[in-house]
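Hydrogens, waters and symmetry mates are skipped; everything else that's a heavy atom, side chains included, is used.
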Amino acid sequence: MPLTTKLNAYYKYLPVSDEDEEWGLQLLNAGHTEHPAGVEYPDRKHPGHHYFNWETGRILQEYSLIYITEGRGIFHSSKSGNVKIESGSVLVVFPNERHRYKPDPETGWTEYWIGFNGPIMANLVQKNFFTPQQPVFKVGYNETVLSLFRQIIEAIKTEKAGYQALIGGAAMYIMGLMHTTAKQQLFTMGDEERIVDHARMIIRESFEESISPQEIASQLQIGYSRFRKLFKEYTGLAPVQYIIQLKLERAKENLINTSKTIKEISNELNFESPHYFSRLFKEKTGCTPHEFREKYNVGVGT
């Protein structure tokens, strides 16, 4: 679908109440622009405190997500340098970070954007889920992402009671999709995803036994160091931790739904000893197996 020859834009700046701030993620502004080729960018009618030009750029006090659905261009910040933008890209703008971006004059672009703040996003940045050094996520033409931006814009037009919680959730959903897409793209260049999927299948079929990560790597005909690195990159857990978590979930099921003793559960799941099982269970859940069983009022076996 070609860009229009006339600029088409909608944007709105939003009030934020104390209750909105307590939610943890509050939207401050949102909008969309269909910016045709050959037209000055950005629109001079844009509010002054968000207006910028390519020579000077700008610094914002909030985070922004900008989804480019058509066209191409360039993004620049002090920490990322120049980054080429293709359609299907989401740009993340960070507070107090000088930046600038613009469409290619030959193509123009269509953009959807939201500005927001809150401790939820601050925590994601602190944990390096989003970094100023890598501000561009390539999600492609994603119907779900586009729909979420449009839902946010429709919600802010009416500002119905409680709308901030709704659009804050939509913003979190967008960021979740961005993170998931980025993780999946790490494994599109080879057979890494197949290796991890096969490993998870082996683990789920045999985690009650005493199979080791080294044995799994051997079955997959891959070196253990490479296997461990791939598995942790893809799942967020080392293989041994993945196995332990599955064992503990099975232990919880047995504690709640059976009369097996703690010793029997420990032996069936091939823990080193009931003492080790109990210590690990408390470390991961905050209570001993006996306390866990009592909490759910299922009563036999010690």
Residues clustered with Ile74, ILVMFWY side-chain links under 4.5 angstrom: Trp54
message: For Tyr224 and Phe227, take the angle between the two ring planes, folded into 0 to 90°, and tell me which bin it lands in: parallel under 30, tilted 30 to 60, perpendicular over 60.
response: tilted
Residue list, salt bridge (Lys or Arg N to Asp or Glu O under 4.0 Å) with Lys284, at least two apart or on another chain: none
Any Asn96 side-chain heavy atom under 4.5 Å of Arg98 side chain: no
message: Measuring only between side-chain heavy atoms, which start at C-beta, is Glu154 closer than 4.5 Å to Gln151?
response: no
message: Salt bridge check, Glu55 against Arg100: does any charged N sit closer than 4.0 Å to a carboxylate O?
response: no
task: With rounding to the nearest 0.5 Å, note down the distance linking CZ in Arg58 to CG in Leu60.
output: 4.5 Å
query: Are Trp113 and Leu146 connected, step by step, through hydrophobic side chains (Ile, Leu, Val, Met, Phe, Trp, Tyr) whose heavy atoms are closer than 4.5 Å?
result: no
query: Relative to each other, are the rings of Tyr63 and Phe116 parallel, tilted or perpendicular (30° and 60° limits)?
result: parallel
- prompt: Any idea which heavy atoms bring Pro289 and Phe281 closest together, and the distance?
  reply: N-CD2, 3.6 Å
message: Quick check: do Arg72 and Trp109 have side-chain heavy atoms less than 4.5 Å from each other?
response: no
Arg293 side chain near His290 side chain, heavy-atom distance below 4.5 Å: no
- prompt: Do any N or O atoms from the side chain of His275 and from the backbone of Arg279 form a donor-acceptor pair under 3.5 angstrom?
  reply: no
message: For the residue pair Ser17 / Asp20, report whether a side-chain donor-acceptor contact shorter than 3.5 Å exists.
response: yes
field: In one Ile/Leu/Val/Met/Phe/Trp/Tyr side-chain cluster, 4.5 Å: Leu25, Tyr13
entry: no
- prompt: Is it the case that one hydrophobic cluster holds both Val93 and Tyr67, taking links as side-chain heavy atoms less than 4.5 Å apart, direct or via other members?
  reply: no
message: Quick one: does any side-chain atom of Thr33 pair with a main-chain N or O of His35 as donor and acceptor, under 3.5 Å?
response: no
- request: For the pair Lys12 and Glu159, evaluate side chain to side chain contact (heavy atoms under 4.5 Å, CB included) and give the outcome as yes or no after the intermediate values.
  value: CA-CA 11 Å; Lys12 190 171 184 178; Glu159 296 186 44; 3.0 Å; yes
- prompt: Heavy-atom distance under 4.5 Å between the side chains of Val92 and Met178, does that happen here?
  reply: yes
message: To the closest 0.5 Å, what do you measure between OH (Tyr101) and OG (Ser77)?
response: 12.5 Å
message: Same cluster or not: Leu27 versus Leu148, using hydrophobic residues (I, L, V, M, F, W, Y) connected whenever any side-chain heavy atoms lie under 4.5 Å apart?
response: yes
query: Does NZ or CZ of Lys247 lie under 6.0 Å from the centre of the six-membered ring of Tyr242, at an angle within 45° of the ring axis?
result: no
field: Thr288 vs Ser278 side-chain heavy atoms within contact, under 4.5 Å
entry: no
task: Check whether any side-chain N or O of Thr180 sits under 3.5 Å from a backbone N or O of Gly176 as a donor-acceptor pair, and report yes or no.
output: yes
- request: May I ask whether Ile68 and Val90 are part of the same hydrophobic cluster, defined by side-chain heavy atoms of I, L, V, M, F, W, Y residues being less than 4.5 angstrom apart, directly or through others?
  value: no
Check: residues 120-143 side-chain donor-acceptor pairs under 3.5 Å, at least two apart:
| unit_1 | atom_1 | unit_2 | atom_2 | d |
| --- | --- | --- | --- | --- |
| Thr131 | OG1 | Gln134 | N | 3.4 |
| Asn142 | OD1 | Thr144 | N | 2.9 |
| Asn142 | OD1 | Val145 | N | 3.0 |

task: Using modelled atom types only, decide if a donor and an acceptor are shared between the side chain of Glu268 and the backbone of Ile265 within a distance under 3.5 Å.
output: no
- prompt: Quick one: are His76 and His99 in side-chain contact, heavy atoms under 4.5 Å?
  reply: no
- prompt: Quick one: do Arg194 and Asp197 make a salt bridge, cutoff under 4.0 Å?
  reply: no
task: With the side chain counted from C-beta on, respond yes when Val39 and Tyr41 share a heavy-atom pair under 4.5 Å apart, and no when they do not.
output: no
- prompt: For Asn117 and Glu21, does a side-chain donor sit closer than 3.5 Å to a side-chain acceptor?
  reply: no
- prompt: For the atom pair OG1 (Thr69) and CD (Glu34), what is the distance rounded to the nearest 0.5 Å?
  reply: 8.0 Å
